[in-house]
Amino acid sequence: MPTLAKTYNPKENEEKIYQYWEESGKFNPDNLDLAENAKPYTIILPPPNITDKLHLGHSSMLAIEDLLVRFHRMKGFRTLWLPGTDHAAIATQNVVEKKLFKEKNQTRHDLGREKFMEEAWDFMKTTQSTILNQTRRMGASLDWSRLAFTFDDQRKKAVEKMFIDMFEAGAIYRGERMVNWCPRCHSTLADDEVEHKEEKAKLYWLKYGPFVLATSRPETKLGDTAVAVHPDDKRYQAMVGKDYEIEGVLGKFIVKVVADKAVDPKFGSGAIKVTPAHSFVDNEIAIRHNLPSKKIIDENGKMMENCGKYAGMTVLKAREAIVVDMQELRLIDHIDENYQHSAAVCYRCGTIIEPLPSEQWFISVDKKLEKFDNQSLKERAIEVSKSKEIEFIPKRFTKRYEDWMENLHDWCISRQIWLGHRIPAWHKDGKIKVQAETPGPGWTQDPDTLDTWFSSGMWTFSTLGWPNTFEDNKKSGDLAQFHPTQVLNTGYEILTLWVSRMIMMSLFAVGEIPFEKVHLHGMILDQHGKKMSKSKGNGIDPIEMIEKYGTDAVRLSLLIGSTAGNDMKISERKIEGYRNFVNKIWNIARFVLNQLKTEKLDFSKKIADLDLADLTLADQWILSKMHQLNIEVKTDIENHNFSIAGEKLRKFTREDFADWYLEISKIETNSSKKIILTEILKDLLKLWHPLIPFITETIWQKVASSMLMTESLPEENKYKKYTKEIADFDLIKQIIVIVRNARAQYKLNPQDKIKVFIQADDKLEVLKDQKNLLTNLQTNTEKIEITESSDEVPNAFYSQVETIKIYIPLEGIVDLDKEAKKLKTEIERLNKLLKSLDSKLNNQRFVKNAPKEIVKKEQIKQTQIKIKIKDLETQLQTIK
RNA sequence: GGACGGCUAGCUCAGUUGGUUAGAGCGUUACAUUGACAUUGUAGAGGUCACAGGUUCGAAUCCCGUGUCGUCCACCA
């Protein structure tokens, strides 16, 4: 007798199974038994931050990628899924700094750069394993032998080479530009690392020479060099071009009045003060009008020495002090206390950003590059999207990507933090050399590090051995085999932050796209549609769910009911439901083994060995259903319709196979059953495997003698021979449901036997042939009479399927009024339907314009409904 | 301010180029319970596809508008 336990216990099996896979070495494509011409299928895992713990966003991504990877591995592709982690420069440095401060009350400056980096490395080494082990628990079939880290030595070499190459091509330059400066992190931020926070502030209306103008930052008055108005603003036209002397808290100064379209005449008084050094808009105005720039705020967010008595104050302190002084000088007209505006803050620490002019390294997105035949990075990156070389799933994100790219400004890549790749540039006496090694004594390395996206932007090729695998513009090794990759799967929130950078970097370094498809998944929300976050405490911990319900249940709940690009709500209840379903699969296997009285499945006899003459209608039906499933599931997965694939599998497994066919196998005992049950169970496990690898492999290990993970999927036409009998079997199913329904409606006990009369019309032979099922498939009839006659049976429950009539005499029980009412309602409904069909078919334009098949279909429907109505009316009369 | 998305059964969601009488899971109701499976089975109830207009023979699906919730981008002197 079979040895399967009564219920499936994920905890007992998952760890063992994962170990078995990992030790087999088959996660590594080099160890797969492949056809010589096997195509590559590559996914590079979006590297989680090294300090991360697994959350449902990761789980969702892992479930999707593992599905794709296992599917293609089973299809015979040279399948590589490459893991890694990201050093997430600013984020990690912040964590390390916080820890340092908490434990030793020290700042990074107390420690010094070298010591601090030692601390950071210690920290990263201990945290890295957490996320990777949690990734394993999701069942991810990653090739751990190729594990990479954005901050390891190999990636360091790649980053240096990339920087030097880009510099030499003129794609990287150094220059003074306005940057977003975080005074707390002491670093620049890219535009998209800046967040905007709504807040209430004061709006100060200043008396400003001949103007009254509004500002939220009166302290920047110390850096003003102009006043700007809109060119069409009649109020100020006479003043444009003139110089005015303005009274300030540190004495008088001169401003020039300029006309610029950037000014909104409806805001404030329509005149703005221009502080070129500390505002992006003002800076642009200053450039257009050739205005001088005066820097008054330093990198610590404090007023500089040129600010007289305010020097050394923080911006906020200086603002308070200056406002007091201005009030004394009567320079403030009035103050709006309730001014709503959004403040730019650092996305990591929430500190208010100071726009500052600063010497930084930039990637030029507009520079025409020789290697791109005089196209710029931006133009190439847009081109690969327009030409569909890269496809976004869902499609609507194509536009978001392209719009964002069109508006892209030069990318500031230098950061003043310590945790990151050092910039390979050297300074001596004002000269700069860009190279990996020091040019010699006296040179000092640029203290800045690179934006973390610079190294993660190189992820698809730096993980494949670039630059060693790319010499003289030729790919070799892993790069030749696995690049470009097939899919990048990531959250849509980093489409711009990361995806766009990967595209530019790959185009530049390797001359090709990094991936063919970008599958964007939505955010995972709680059951109320709120973002999950630690502070709100509404997060569902995937590891906790795995402990409780098993990995397969967690994976299914993330795959089914989820569509690309859309957010998804999830609850523990949903996961629980899929745990139940996973257990159902277990019991199906248990039943099949029981039914076949065996512990191992015998795969020696194949579907092709079946004796067609021995097959029952039900056999043919399940085989054709299986054929359909086999084709459709593969297509759906290839089209990234994972949810639909899952639903079809579930429907087949639960309804067609378990509820119908397995029940039938208790009744029918023809000799083909053994092969059919064996083959369908086997192929069902294969088709399910990419979605729920653990339970399928667990069962496989009990019943077979190979590893399911590297089995091949059932071939396309395996079940094709048996695609005809679906309609007839559907009739049988419907009749059985009608009988069960009647029993339920009249609350018959399961022991109560009934008689059923069926008038079979032209289906006499089919129905007679299936008498066994009709009698015994949970219908408990003592007698079934199948005739051609059309005599009414009085005082009986009545129903019909197409032209087949079913009578169940229920003497003394049948409620004739109720039956009559039921019939009337049904006749009414059908009449309505018929009416709409009639008018449709009488409509010449419909008949003329609609495709012929549609018209024909409607005509058949019309005829059938007419017959049905007539039958129902006849039956109604017998009741009266 | 600009762009995008959601709005379909009590809840969570599918619905692929417009063409069945709009589907699933959960929940719910009734019945059942030594059964491969109570992590169960059988059956039922439940929807004006947010609203309003348009295109079309035909719209949940395409177009215009409105409402509402959400996301991204820009700006806020």
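The chains referred to below are lettered A, B, ... by the order of the sequence lines, with proteins before strands, and numbering in each begins at 1. For the numbers below, each heavy atom of this structure counts, side chains included, while hydrogens, waters and symmetry mates do not.
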Asks: Would you indicate which nucleotide in B/C26, B/C37, B/A43 comes nearest to any side-chain atom of A/Lys6?
Replies: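 For A/Lys6, the side-chain atoms sit closest to B/C37.
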
Asks: Rounding to the closest angstrom, what is the interatomic distance between B/G46 and B/U55 at atom P?
Replies: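 Nearest-Å result for B/G46 against B/U55 at atom P: 35 Å.
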
Asks: Side chain of A/Lys868 only, please: which of B/U21, B/G41, B/U42 is the nearest?
Replies: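 Among the listed nucleotides, the one closest to the side chain of A/Lys868 is B/U21.
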
Asks: Measure the distance from OH on A/Tyr401 to P on B/U71 and round it to the nearest whole Å.
Replies: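 That distance rounds to 25 Å.
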
Asks: Under 4.0 Å, counting only non-hydrogen atoms across every strand here, what does A/Arg829 touch: a base, just sugar-phosphate, or nothing?
Replies: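 Here A/Arg829 touches the bases of the nucleic acid.
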
Asks: How would you label the contact of A/Asn641 with the nucleic acid (heavy atoms, under 4.0 Å): base, sugar-phosphate, or nothing?
Replies: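 Base, at least one base heavy atom under 4.0 Å.
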
Asks: Could you work out the separation of B/G35 and B/U61 based on their C1' atoms and round it to a whole Å?
Replies: 46 Å

Asks: Please state the P separation for the pair B/G47 and B/G10 - nearest whole angstrom.
Replies: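 To the nearest whole Å, 7 Å.
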
Asks: Quote, to the nearest angstrom, the P distance that separates B/G44 from B/A60.
Replies: 26 Å

Asks: Counting only side-chain heavy atoms from C-beta out, which of B/A36, B/A14, B/C75 sits nearest to A/Val281?
Replies: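 So the nucleotide nearest the side chain must be B/C75.
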
Asks: B/U68 pairs with which nucleotide, Watson-Crick or G-U wobble, both distances below 3.5 Å?
Replies: B/G6

Asks: Is it true that the NZ or CZ of A/Arg654 lies under 6.0 Å from the centre of A/Trp688's six-membered ring and within 45 degrees of the ring axis?
Replies: no

Asks: Base, sugar-phosphate or nothing for A/Ser836? Non-hydrogen atoms, less than 4.0 Å.
Replies: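 The residue A/Ser836 makes no contact with any strand.
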
Asks: Could you please name the partner base of B/G23, counting Watson-Crick and G-U wobble pairs only when both distances are under 3.5 Å?
Replies: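 B/C13 - that is the nucleotide pairing with B/G23, both distances being under 3.5 Å.
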
Asks: Determine the contact category for A/Lys273: base if any of its heavy atoms lies under 4.0 Å from a base atom, sugar-phosphate if only primed atoms, P, OP1 or OP2 are that close, otherwise nothing.
Replies: sugar-phosphate

Asks: Scan A/Ser216 against the nucleic acid and name what it touches under 4.0 Å (heavy atoms): base, sugar-phosphate only, or nothing.
Replies: sugar-phosphate

Asks: Given that both distances must come in under 3.5 Å, which nucleotide forms a Watson-Crick or G-U wobble pair with B/A32?
Replies: B/U40

Asks: Within the 4.0 Å heavy-atom criterion, would you say A/Gly577 contacts the bases, only the backbone, or no part of the nucleic acid?
Replies: nothing

Asks: Side chain of A/Phe846: nearest nucleotide among B/G25, B/G19, B/C37?
Replies: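 Of the candidates, B/G19 comes closest.
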
Asks: What does A/Asn843 touch in the nucleic acid at a heavy-atom separation under 4.0 angstrom: a base, only the sugar-phosphate, or nothing?
Replies: sugar-phosphate

Asks: Contact class for A/Lys747 (heavy atom, under 4.0 Å): base, sugar-phosphate, or nothing?
Replies: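 Since only primed, P, OP1 and OP2 atoms lie under 4.0 Å of A/Lys747, the category is sugar-phosphate.
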
Asks: So if I take every side-chain heavy atom of A/Ala744 and compare against B/A43, B/C57, B/A77, which nucleotide ends up nearest?
Replies: B/A43

Asks: Does A/Arg579 reach a base, just sugar-phosphate, or nothing at all? Heavy atoms under 4.0 Å.
Replies: base

Asks: Is A/Glu663 touching bases, backbone alone, or none of the nucleic acid, heavy atoms closer than 4.0 Å?
Replies: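 Touches a base.
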
Asks: Hey, which of A/Thr678, A/Thr598, A/Ile699 is the one that makes side chain to side chain contact (heavy atoms under 4.5 Å, CB included) with A/Leu593?
Replies: A/Thr598

Asks: Students often get this wrong, so: under 4.0 angstrom with heavy atoms, is A/Thr215 touching a base, only sugar-phosphate, or nothing?
Replies: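 Here A/Thr215 touches the backbone only, sparing every base.
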
Asks: Strictly by Watson-Crick or wobble contacts shorter than 3.5 Å, is anything paired with B/A52, and which nucleotide is it?
Replies: none

Asks: Need one value for A/Lys832: base, sugar-phosphate or nothing, where a base atom within 4.0 Å counts as base even if backbone is also close, heavy atoms only.
Replies: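 Nothing: the residue A/Lys832, judged by heavy atoms under 4.0 Å, touches no strand.
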
Asks: Just compare B/C37, B/U21, B/A36 and give me whichever is closest to any side-chain atom of A/Leu833.
Replies: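 Per side-chain heavy atoms of A/Leu833, the pick is B/U21.
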
Asks: Using a heavy-atom cut-off of under 4.0 Å over every strand shown, decide if A/Ala214 touches base, sugar-phosphate, or nothing.
Replies: sugar-phosphate

Asks: Expressed as a whole number of Å, how far does the P atom of B/U68 sit from that of B/C31?
Replies: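 That atom pair is separated by 46 Å.
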
Asks: Quiz question: by atom type and distance under 3.5 Å, do the side chains of A/Thr275 and A/Lys294 form a donor-acceptor pair?
Replies: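 Distance-only check fails for A/Thr275 and A/Lys294.
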
Asks: Pick base, sugar-phosphate or nothing for A/Val592, based on heavy-atom distances below 4.0 Å to the nucleic acid.
Replies: nothing

Asks: Distance check, C1' atoms only: B/U40 and B/C7, in whole angstrom units.
Replies: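 Nearest-Å result for B/U40 against B/C7 at atom C1': 36 Å.
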
